[in-house]
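Here is the structure we will look at, set down as structure tokens.
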Amino acid sequence: MSYRVLKLSTILIPTILIGGFEFLRHTVLMLHQFSMMEGNYIITLLTFLVSYVFSNWLFKTIEEKNKRITAEREMRVIYEERERLAKELHDNIAQTLFLLKVHLKKGKLQDAQGLVNSIDSNLRQAIFNLRMNPSEKTSFSKRIDSWLEDWSTVSGIEVKHSIDFPEGYFTPAEEVQLFSIMQEAFANVRKHSEADSVSFTLNTLQKRWELKIKDNGKGFSVIDIPINKYGLAMLKERALKINGRMEISSAEGMGTELIMKGEKD
């Protein structure tokens, strides 16, 4: 039912109800000797009953419409994210293949092998993320658990994780951002940290959530690293989209810890 029909209903029903009853009272009820006071009681009771039924129906209809609109909006966010990932994947592979050709022509087989491994890892991660159907009922925690297991197998880095939040706590749009944050952070660990172990936690407490990723790698000086280095600007931007904030602590030889905290509206 369209909003135009709902609007006309809210205008016409009270008018027809009150006007119709007044017409009925002056043409029929007065013939049966109903007093003015009795007529007022009847119209008040009738108006209350009809208004109660109509209001419940109206707000239930609006609520269902809003749920559908929200679901469609979140689904659109998911597909837009997939389009972005597909574009990044295309651009990344195109660039890597170009470098691979250059290294092969120059006979730099070891560098070429590293690029092939990079393509293989990127493809595995992207395929896992893109093959998930948004309409499937796979829980977010199971998606994370499965992805971390695959990432550990591909990278050879041990992953310890703790995931504790109620099912449905995050909206689909928030899940997309958190999953992308996790992927980007773990990609940085694989590329730059030289770590052999990394821990991942995602926990919630009422309306607050916290994500932590900590590795035992070589670390770096946070002061000397620009915000756009290692995709940190992208991580910060994604955090802001879900009402979160990002903190990074690291030191040379001490590993790196990424912390994101946020609150639900």
Side-chain angles (χ1 to χ4, degrees), residues 77-78 81-82 84-85 88-89 91-92 117-118 120-130 132 140-165 169-170 173-204 208-263:
V77 170
I78 292 173
E81 179 66 13
R82 286 187 168 191
R84 187 196 65 78
L85 288 172
E88 283 187 3
L89 180 61
D91 295 343
N92 180 272
N117 292 335
S118 176
D120 178 67
S121 298
N122 288 334
L123 279 174
R124 286 175 181 271
Q125 293 182 20
I127 289 172
F128 177 86
N129 193 45
L130 293 172
M132 299 299 294
F140 185 41
S141 59
K142 288 183 179 179
R143 286 189 62 197
I144 294 176
D145 184 75
S146 180
W147 188 89
L148 290 175
E149 183 178 347
D150 285 357
W151 184 88
S152 179
T153 301
V154 171
S155 66
I157 301 175
E158 180 187 15
V159 177
K160 301 176 182 179
H161 64 275
S162 172
I163 304 171
D164 183 18
F165 57 86
Y169 181 86
F170 298 105
E174 290 171 337
E175 290 179 3
V176 167
Q177 297 299 334
L178 286 170
F179 202 80
S180 297
I181 287 170
M182 180 184 71
Q183 286 186 310
E184 181 69 24
F186 273 85
N188 287 338
V189 171
R190 179 175 56 82
K191 292 177 182 178
H192 308 293
S193 72
E194 300 180 9
D196 57 24
S197 178
V198 57
S199 64
F200 172 88
T201 62
L202 178 56
N203 301 315
T204 61
R208 296 182 179 180
W209 59 266
E210 183 178 77
L211 181 151
K212 288 184 180 181
I213 300 174
K214 181 175 176 59
D215 66 64
N216 66 346
K218 61 181 182 180
F220 58 90
S221 174
V222 178
I223 299 177
D224 298 334
I225 298 297
I227 188 62
N228 59 347
K229 188 71 173 179
Y230 303 154
L232 298 183
M234 182 182 297
L235 290 174
K236 185 177 181 180
E237 180 181 344
R238 290 188 180 280
L240 291 174
K241 288 181 179 180
I242 50 177
N243 196 29
R245 62 186 185 276
M246 180 182 74
E247 303 172 5
I248 292 181
S249 60
S250 182
E252 294 184 3
M254 300 297 292
T256 302
E257 183 176 41
L258 169 70
I259 301 177
M260 287 201 177
K261 299 179 181 180
E263 295 185 6

Quiz item: Does Ser197 offer a backbone N or O that forms a donor-acceptor pair with the side chain of Asp215 under 3.5 Å?
Solution: no
Exercise. State the OG-CZ distance between Ser152 and Phe200, to the nearest 0.5 angstrom.
Key: 14.0 Å
Quiz item: How long is the span from the OG1 atom in Thr204 to the CZ atom in Arg208, to the nearest 0.5 Å?
Solution: 12.5 Å
Quiz item: Is the shortest heavy-atom distance from the side chain of Met182 to the side chain of Leu148 under 4.5 Å?
Solution: yes
Quiz item: Counting only N and O atoms by type, is there a donor-acceptor contact under 3.5 Å from the side chain of Ser155 to the main-chain atoms of Arg190?
Solution: no
Quiz item: From Ser221 OG over to Glu252 CD, what is the distance, rounded to the nearest 0.5 angstrom?
Solution: 6.0 Å
Practice problem: Can you label the angle between the Phe165 ring and the Phe140 ring as parallel, tilted or perpendicular, going by 30° and 60°? | Solution: tilted
Exercise. Say whether, by atom type as modelled, one donor and one acceptor occur between the side chain of Asn243 and the main chain of Glu263 under 3.5 angstrom.
Key: yes
Quiz prompt | Trp209 ring center near Tyr169 ring center (under 6.0 Å) | solution = no
Quiz prompt | Working for side-chain hydrogen bond (donor to acceptor under 3.5 Å, both in side chains), residues Ser250 and Thr256 | solution = CA-CA 4 Å; Ser250 182; Thr256 302; 2.9 Å; yes
Quiz item: In Å and rounded to the nearest 0.5 Å, what is the CE to CG distance from Met260 to Leu202?
Solution: 11.5 Å
Quiz prompt | Met246 to Leu258 - nearest heavy-atom pair and separation | solution = CG-CD1, 3.4 Å
